[in-house]
Amino acid sequence: MQTRICCMAVSSLPACCVLIMRACDQPMTALRHWKYQRGALTHRSCVSRLRVPERCLLRTAPRAAASRDQSMDLRPGSERIFVASNTDPLDGYVQWAPQKSVWLAGMTAAGVALGPICCSWSALALFLATSAVTLCAGHSVGMHRKLIHASFDCPLWLEHLFVYLGTLVGMAGPFGMIRLHDFRDWAQRQPACHEYSRHGAGFWRDAWWQLHCRLALRHPPRFRLEPRLAGDRFYAFIERTWMLQQLPWALLFFAIGGLDWLVWGICVRVSVCVTGHWLVGHFSHTSGDQIWTVDGVATQGYNVRLAALISMGENWHNNHHAYPGSAKLGLLPGQADPGWWLIRSLEVVGLAWNVRTPRDLPERPGLRRLTEAKLRDGVADAA
């Protein structure tokens with residue numbers, strides 16, 4: 001009887017998190033609604049000001065003139081980001097984000113409490129297999145390289161499948177991932193940005209900020225999706241229900257493998273993958289190897305060699321900063337890139353085309369190679 005109750009509690013965790021987070025979030029902001037009208041997307045509450053008590057603010061950037069350059073030359077970072085005369089990537093505060101905080105905390109708590117007592121070889125194999133598929137085909141290839149950077153083309157059904165798998169990682173829906181990525185990417189391309197955007201707050205504070213909080217700029221840029229994505233009903237549905245997408249898989253895993261599969265296939269996987277994504281992101285913006293540097297930007301990228309396989313190639317972030325539109329992130333010999341291996345396999349069988357590598361891309365303004373070799377020699381050979 002106790003086991004049945006425990007199973008029901010764990011399997012209903014995503015739905016419970018949704019209800020709790022909606023309740024927590026109600027006093028601060030309405031749920032975001034994506035709407036496509038007359039050829040232009042309007043994102044309600046995208047740039048709305050959140051009025052919260054001062055005690056809720058975790059950190060506020062100084063507003064004095066010395067803290068930000070009033071004449072900062074704002075640089076484009078994404079075709080989806082639109083700046084105004086008062087847009088400022090520095091002036092803002094970090095605020096607790098109840099939805100993603102309760103979501104991740106719930107998954108982590110369930111994984112920590114039940115993982116050790118519900119462990120089996122089959123459950124561990126399920127955890128490894130589902131993590132690999134959702135991180136590689138889903139997050140790295142589907143979400144990042146295809147949806148965000150459009151570094152290759154493929155059939156729409158395959159794009160939908162990969163993006164759906166990326167949603168199962170448990171970080172956000174497709175629109176939320178694009179918005180989060182593009183705002184951060186835009187901020188990092190500026191001469192200066194908030195330390196939240198550049199992972200500059202130190203290890204433990206950055207962990208709390210990135211996993212449980214959000215940055216609210218006082219004068220943010222506008223975000224607008226391109227019509228192809230804004231009008232996609234599948235993406236709109238997944239965006240509204242991305243947390244609940246864990247539920248059918250939770251029921252399936254429980255039906256096949258019992259509580260062991262449920263805990264390791266859902267709770268442990270989501271907790272480990274989301275936390276691991278932050279960990280790789282933290283070090284890839286703070287320390288590691290560098291082949292290139294980009295002059296005049298707030299943040300540099302670093303290559304974190306040890307994370308090549310577990311991050312599916314996303315660890316080669318110094319390469320990615322150098323050539324953001326490249327489908328291949330492991331550009332030089334010895335740089336393992338499972339995401340690229342998948343894209344190359346799809347290209348061989350005719351399911352991917354117009355695959356872009358550094359050969360096909362212009363050099364990023366301000367890009368410099370830190371070695372004596374010419375900038376594109378090794379890259380062209382490896383592309």
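In this chain, residues are counted from 1 in sequence order.
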CH2/Trp249: more than 12 non-hydrogen atoms of other groups inside 6.0 Å: no
Residues, nucleotides or ligands: over 12 heavy atoms within 6.0 Å of Leu306 CG: no
Non-hydrogen atoms of His194 and Leu90 that approach each other most closely: CD2-O, 3.4 Å
Shortest non-hydrogen contact from Ala110 toward Val263: O-CG1, 4.4 Å
Counterpart residues, side-chain contact (heavy atoms from CB on, under 4.5 Å), relative to His144 (two or more places apart): Ile148, His149, His181, Glu314, His320
Test item: Asp88 side-chain N/O and His219 main-chain N/O as donor-acceptor pair under 3.5 Å: no
Straight-line distance of Asn318 CG to His285 NE2, nearest 0.5 Å: 10.5 Å
Side-chain (Arg222) to main-chain (Phe82) donor-acceptor, under 3.5 angstrom: no
Exam field: side chain Arg364 to backbone His321, donor-acceptor pair closer than 3.5 Å: yes
Any donor-acceptor N/O pair, Asp337 side chain to Leu329 backbone, under 3.5 Å: yes
Heavy-atom donor-acceptor pair, Glu239 side chain to Phe175 backbone, under 3.5 Å: yes
Smallest separation among heavy atoms of Thr108 and Ser271, with atom names: OG1-OG, 2.9 Å
Single hit among Phe253, Trp121, Phe127 for ring pair (Phe, Tyr, Trp, His ring centres under 6.0 Å) with Trp264: Phe127
Backbone N/O of Met171 and side chain of Lys100: donor-acceptor pair under 3.5 Å: no
Residues in side chain to side chain donor-acceptor pair (under 3.5 Å) contact with His199, at least two apart in sequence or another chain: Arg184, Asp206
Main-chain N/O of Leu168 paired with Arg269 side-chain donor or acceptor, under 3.5 Å: yes
All side-chain contact (heavy atoms from CB on, under 4.5 Å) counterparts of Leu279, not counting sequence neighbours: Phe203, Phe283
Side-chain donor or acceptor of Glu159 paired with backbone N/O of Leu147 under 3.5 Å: no
Short side-chain to backbone donor-acceptor contact, Asn319 and Gly330, under 3.5 Å: no
Salt bridge (Lys or Arg N to Asp or Glu O under 4.0 Å) against Arg80, all qualifying residues, sequence neighbours excluded: Asp182, Glu226
Reported NE2-to-CH2 distance for the pair His282 and Trp204, which is rounded to 0.5 angstrom: 10.0 Å
Neighbour count >12 (heavy atoms, 6.0 Å) for atom CZ, Arg233: no
Polar side-chain atom of Gln300 near backbone of Val294 as donor-acceptor pair, under 3.5 Å: yes
Least distance between heavy atoms, Ala336 atom then Ala308 atom: O-CB, 3.8 Å
Cation-aromatic face contact Arg179/Phe183, 6.0 Å, 45 degrees: yes
Side chain to side chain donor-acceptor pair (under 3.5 Å) involving Ser311 - partner list, sequence neighbours excluded: Asn315
Contacts of Trp242 that satisfy side-chain contact (heavy atoms from CB on, under 4.5 Å) - sequence neighbours left out: Trp103, Thr167
Nearest heavy-atom neighbours spanning Arg214 and Tyr196: CA-OH, 3.7 Å
Intermediate values then yes/no, side chain to side chain contact (heavy atoms under 4.5 Å, CB included), Trp186 and Arg189: CA-CA 5 Å; Trp186 165 80; Arg189 289 170 181 254; 5.8 Å; no
Contact summary for Tyr164 and Phe234, nearest pair of heavy atoms: CB-CZ, 4.1 Å
N-O pairing of Asp289 and Arg305 below 4.0 Å: yes
